[in-house]
Amino acid sequence: MVVVFTYLIMAKRLSPVTALTVVPILFAVIGGFGSQLGDMMLAGLKTVAPSAALLLFAILFFGVLIDAGLFDPLIRKILKIAKGDPVKIAIGTAVLALTVALDGDGTTTHMITISAMFPLYKRLGMRPLVLATISLLSLSIMSGMTPWGGPATRAITALGLDAGEFFIPLLPTMFGGIICVISIAYLLGKKERERIGVIDIELDGRNESFLSEAAATYALQEDIKRPKLVWVNLLLVLSVMVILVSSLLPVPVLFLIGFVLASMINYPNLDEQKERVLSHAGNALTVVTLVFAAGIFTGIFEGTKMVDAIANSLVAIIPESLGNFFPLVVALTSMPFTFVLSNDAYYFGVLPILAEAASAYGIDPVEVARASVLGQPVHFLSPLVASTLLLVGMVKTDLGEFQRYAIKWALLCSLVIIVLAVLTGAII
């Protein structure tokens, strides 16, 4: 079942939603479980419902705040501070991308980051590959570890975990990953400074206009911006993050309340609220549908005991001496696995098997889930990632050239966060 599902996804014969639903039903019927299918699928849907709610309201929450212009002042400030110094520009790119990537959406992150910074890179003669690498690594850290980002959501959904239990122990690792990305940006910027030097951009009228244009390139129509509410929106985001870390409310409920407050504060008019929801509905509906389809897959995978049988076979071939280090094995193998497999194939097809195998050694599935997201910097270089294809298109480069340039930095970033996860106790 896993092989057929993975092949159909990789060969693009079926959409992930269709494959997640049809393939397990077909194999369950072949296996003689037809009469129990309804209960299995319903149990799977109940398991993933909290994750679907979390993802829906997190996308809407951050989407509304981006529309309102929460990040606009940051972009303008970065452009003015950086001026003509490649090091400052590279670090500013990392700060911008890390901030925008909070919404967990790769397309949004690259569109805002590249559109805002690409004119400046071209003006100074900096290599677009530097911009693309920093944007990709920033996204891999923020989207990979936050429970509303794609990889973590899939891991949480596939194993039926609590989002807070998954995320909070990963916070030190995520902060370390942020520092790693900024450090890589510094190194890349330093190389560019050695290559082209510091370009003197005086803020005369012409250049001031250029900076304003660069900052506004990414912007949506101005009538939905709320510049006077930037501090209110920032306070709202910080409040949501504090409550999230404090575990005072279930995460889906927290983001529902955050979305409602963000909509009321920025768009009190009901028609405007409806427009903002509709503008993000396509992205939200696509991802939530995928999560519910995954519920069908995991419900049948577990209900038929297929996952138990595969895990027992896997345990039989793993040396006992490696049992206690199973999460580390998962973390290291997640790099090649997620590069050659789509996230759907890996998290819904492979991860449940790994988690079940780990349980034979007394290892909590949540540790396996955390370990599975640590290879995301390498995963985002895969040609299977739609946002990466968008990224190379926006910086007008070839995917192969970008992979050759960025792979060493992606590997370094993955290895750093794996080491940090081990040292902080997030895994092992």
Side-chain angles (χ1 to χ4, degrees), residues 1-10 13-56 147 150-163 165-166 250 252 287-318 326 330 337 341-372:
M1 184 179 82
V2 173
V3 170
V4 170
F5 164 73
T6 302
Y7 167 74
L8 291 172
I9 292 285
M10 299 282 288
R13 297 298 179 91
L14 292 178
S15 70
V17 171
T18 304
L20 282 166
T21 305
V22 172
V23 173
I25 290 175
L26 177 62
F27 274 85
V29 170
I30 292 172
F33 295 94
S35 62
Q36 305 167 45
L37 269 178
D39 291 337
M40 290 179 189
M41 291 188 287
L42 185 58
L45 290 176
K46 289 178 180 177
T47 301
V48 302
S51 296
L54 159 64
L55 198 56
L56 171 64
T153 298
R154 287 171 172 83
I156 292 167
T157 301
L159 302 184
L161 304 173
D162 176 75
E165 184 185 1
F166 168 88
V287 179
V288 170
T289 304
L290 179 66
V291 171
F292 278 120
I296 300 293
F297 186 95
T298 55
I300 293 173
F301 205 35
E302 294 177 2
T304 57
K305 306 298 181 185
M306 281 191 261
V307 67
D308 295 345
I310 299 175
N312 289 336
S313 300
L314 188 61
V315 169
I317 62 174
I318 296 176
F326 202 90
V330 172
F337 272 150
L341 297 175
S342 68
N343 270 344
D344 297 316
Y346 177 71
Y347 286 104
F348 298 131
V350 178
L351 186 62
I353 298 170
L354 296 174
E356 191 68 23
S359 66
Y361 301 104
I363 295 168
D364 195 317
V366 74
E367 287 192 40
V368 177
R370 292 184 200 128
S372 71

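None of these values were measured; they are calculated from a predicted model.
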Visitor: Provide the closest heavy-atom pair for Leu161 versus Ala155 in the form atom of the first, atom of the second, distance.
Guide: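 Where Leu161 meets Ala155 most closely, the heavy atoms are CD1-O, 4.4 Å.
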
Visitor: Using the ring pair (Phe, Tyr, Trp, His ring centres under 6.0 Å) criterion, which residues pair with Phe297? Sequence neighbours excluded.
Guide: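 Only Phe5, Phe301 meet the ring pair (Phe, Tyr, Trp, His ring centres under 6.0 Å) criterion with Phe297.
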
Visitor: Can you tell me how far CG of Leu42 sits from CD1 of Ile296, rounded to the nearest 0.5 angstrom?
Guide: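 Here the interatomic distance stands at 8.5 Å.
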
Visitor: Is there a donor-acceptor pair closer than 3.5 Å between any side-chain N or O of Tyr346 and the backbone N or O of Pro151?
Guide: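 The answer is no, because no donor-acceptor pair under 3.5 Å joins these two groups.
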
Visitor: Drop me the distance from Ser35's OG to Met40's CE, to the nearest 0.5 angstrom.
Guide: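 Answer for the OG-CE pair, Ser35 versus Met40, is 8.0 Å.
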
Visitor: Within the 4.5 Å heavy-atom criterion, are Ile25 and Met41 side-chain neighbours or not?
Guide: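 A side-chain contact exists here, since the closest heavy-atom pair is under 4.5 Å.
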
Visitor: Evaluate side chain to side chain contact (heavy atoms under 4.5 Å, CB included) for Val4 paired with Phe27, printing each intermediate quantity in order.
Guide: CA-CA 10 Å; Val4 170; Phe27 274 85; 3.7 Å; yes

Visitor: Tell me, please, which residues at least two apart from Val17 pass side chain to side chain contact (heavy atoms under 4.5 Å, CB included).
Guide: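 Expected list: Ser15, Thr289, Leu290, Ala293.
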
Visitor: Could you pull out the closest heavy-atom pair between Ser372 and Leu351, with the gap in Å?
Guide: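 So the two residues come closest at CB-CD1, 3.7 Å.
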
Visitor: If you compare all heavy atoms of Leu37 against all heavy atoms of Ile300, which two are closest, and at what distance to 0.1 Å?
Guide: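 Distance-wise, the nearest heavy atoms are CD2-CD1, 3.6 Å.
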
Visitor: Indicate yes or no: at least one non-hydrogen side-chain atom of Pro147 is less than 4.5 angstrom from one of Ile156.
Guide: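 Touching, per the 4.5 Å side-chain cut-off.
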
Visitor: Between OG1 of Thr153 and OH of Tyr347, what distance do you get to the nearest 0.5 Å?
Guide: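 One gets 10.5 Å once the value is rounded to the nearest 0.5 Å.
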
Visitor: Search all heavy atoms of Met1 against all heavy atoms of Met306 and return the closest pair with its distance.
Guide: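 Nearest pair, atom of Met1 first, then Met306: SD-CE, 3.6 Å.
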
Visitor: Please name the pair of heavy atoms, one in Leu8 and one in Val23, separated by the smallest distance, quoted to 0.1 Å.
Guide: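 Minimum heavy-atom contact is CD1-CG2, 3.7 Å.
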
Visitor: Within a strict 4.5 Å, meaning less than it, do heavy atoms of the Phe326 and Leu354 side chains meet?
Guide: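 Of all side-chain heavy-atom pairs linking Leu354 with Phe326, at least one is under 4.5 Å.
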
Visitor: Please find the pair of heavy atoms, one from Pro352 and one from Leu159, that lie closest to each other, and give the distance.
Guide: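 Result for this residue pair: CA-CD2, 3.8 Å.
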
Visitor: The criterion is salt bridge (Lys or Arg N to Asp or Glu O under 4.0 Å); which residues satisfy it with Arg154, sequence neighbours excluded?
Guide: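 Scan of Arg154 (salt bridge (Lys or Arg N to Asp or Glu O under 4.0 Å), adjacent residues dropped) gives Asp344.
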
